Amino acid sequence: MASVGPSAASTQPALPSGPAVFKTIPYAFILPEILCGTWVWILVAATSVSLPLLQGWVMYVSLTSCLISLLLLLSYLLGFHRNSENWKVLDSLYHGTTAILYMSAAVLQANATINSEFSTNAPLNYQLNCAASFFAFLTTFLYILHAFSIYYQ
């Protein structure tokens, strides 16, 4: 009697739901992405914006990706994915695209930091912009890690 091999669905790792999201490697990055992204837009909002076009893009990217990541985290916690393979594709595309957008925002924030070094309220704005640049690059790194770990999983 020929044995039937395991189906393709049973060899795929199950998508986590509930508290297991915080213990599974690619999905455990979502909460730090939200927290670091929140710090980016709080710090940019705390500065006196000297370059509204540059820092407006940073605010848009950080706030939008923070909200979408929060919705994604809630959908994983509540189990909306129903272990569908499409959620992995959605997750990978979202985090890859957001990593690219966050990299552009981090570079623009670094430019705004350099330009704020010699502004009128230099010490305070410069320190806030330095912190915002740090968290922007850290958040970019987290999004890149998440996208690659989903891709290689």
Side-chain angles (χ1 to χ4, degrees), residues 13-82 84-153:
L15 292 174
S17 60
V21 171
F22 301 115
K23 298 175 187 173
T24 310
I25 275 300
Y27 309 101
F29 291 129
I30 296 176
L31 189 60
E33 291 164 2
I34 293 170
L35 294 176
C36 290
T38 303
W39 274 111
V40 171
W41 64 267
I42 288 173
L43 289 167
V44 171
T47 64
S48 64
V49 177
S50 58
L51 301 165
L53 189 60
L54 299 181
Q55 291 183 306
W57 177 249
V58 175
M59 287 290 288
Y60 173 75
V61 169
S62 61
L63 190 58
T64 304
S65 59
C66 181
L67 292 175
I68 294 173
S69 292
L70 184 62
L71 290 174
L72 191 63
L73 177 64
L74 288 175
S75 66
Y76 278 123
L77 286 174
L78 298 175
F80 289 148
H81 54 76
R82 296 187 191 126
S84 172
E85 192 66 28
N86 294 333
W87 277 87
K88 282 188 177 182
V89 174
L90 172 79
D91 197 342
S92 180
L93 286 175
Y94 165 69
H95 282 89
T97 304
T98 306
I100 293 168
L101 293 176
Y102 238 111
M103 179 59 79
S104 70
V107 169
L108 291 176
Q109 180 57 38
N111 185 17
T113 301
I114 292 168
N115 289 335
S116 73
E117 185 175 7
F118 303 109
S119 68
T120 56
N121 197 2
L124 179 62
N125 281 334
Y126 182 70
Q127 291 170 354
L128 290 172
N129 282 324
C130 280
S133 295
F134 171 76
F135 280 109
F137 281 107
L138 180 64
T139 308
T140 303
F141 180 68
L142 287 170
Y143 276 106
I144 290 171
L145 277 177
H146 190 122
F148 276 117
S149 61
I150 282 286
Y151 179 74
Y152 286 117
Q153 188 181 32

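Values in this document were obtained by computation on a predicted structure and should not be read as measured data. We're numbering straight along the sequence, starting at 1.
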Taking all non-hydrogen atoms of both residues, which atom of [X] and which atom of [Y] are closest, and how far apart?
X    : Y    : value
A106 : T140 : CB-OG1, 4.0 Å
W41  : M59  : O-SD, 3.5 Å
G37  : S62  : O-CB, 3.9 Å
H146 : F29  : ND1-CB, 3.7 Å
G96  : A147 : N-CB, 3.7 Å
A99  : I144 : CB-CG1, 3.6 Å

When you measure from the side chain of T64 to the backbone N and O of V61, does any donor-acceptor pair fall under 3.5 Å?
->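 Judged by distance alone, no pair lies under 3.5 Å.
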Side-chain (T47) to main-chain (V44) donor-acceptor, under 3.5 angstrom =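 Confirmed, T47 side chain pairs with V44 backbone.
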Side-chain donor-acceptor contact under 3.5 Å, Y94 with S65 =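 There is no such pair between these side chains.
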Distance-only side-chain donor-acceptor flag, N129 / S116, under 3.5 Å |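 The criterion, which ignores hydrogens and geometry beyond distance, is satisfied for S116 and N129.
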Do N111 and V107 come close enough that some side-chain heavy atom pair is under 4.5 Å?
->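 When only atoms from C-beta onward are counted, V107 and N111 do not touch, as no gap falls below 4.5 Å.
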Taking C-beta and beyond as the side chain, do I30 and E33 meet within less than 4.5 Å on heavy atoms?
->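 Heavy-atom side-chain distance check passes, below 4.5 Å.
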Residues in side-chain hydrogen bond (donor to acceptor under 3.5 Å, both in side chains) with T113, at least two apart?
->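 Partners of T113 under the side-chain hydrogen bond (donor to acceptor under 3.5 Å, both in side chains) test: S133.
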If the condition is side-chain contact (heavy atoms from CB on, under 4.5 Å), which residues does [X] pass it with, not counting sequence neighbours?
X    : result
I114 : none
W87  : L15, L72, S75, Y76, F80, H81, S84, L90
T139 : C36, V40, Y102, Y143
S104 : W57

Enter the distance from [X]:[atom1] to [Y]:[atom2] here, rounded to the nearest 0.5 Å.
X    : Y    : atom1 : atom2 : answer
L101 : M103 : CG    : CE    : 11.5 Å
L43  : Q55  : CG    : CD    : 11.0 Å
I42  : L63  : CD1   : CG    : 10.0 Å
L77  : L70  : CG    : CG    : 9.5 Å
T38  : I34  : OG1   : CD1   : 7.0 Å
L142 : T98  : CG    : OG1   : 12.5 Å

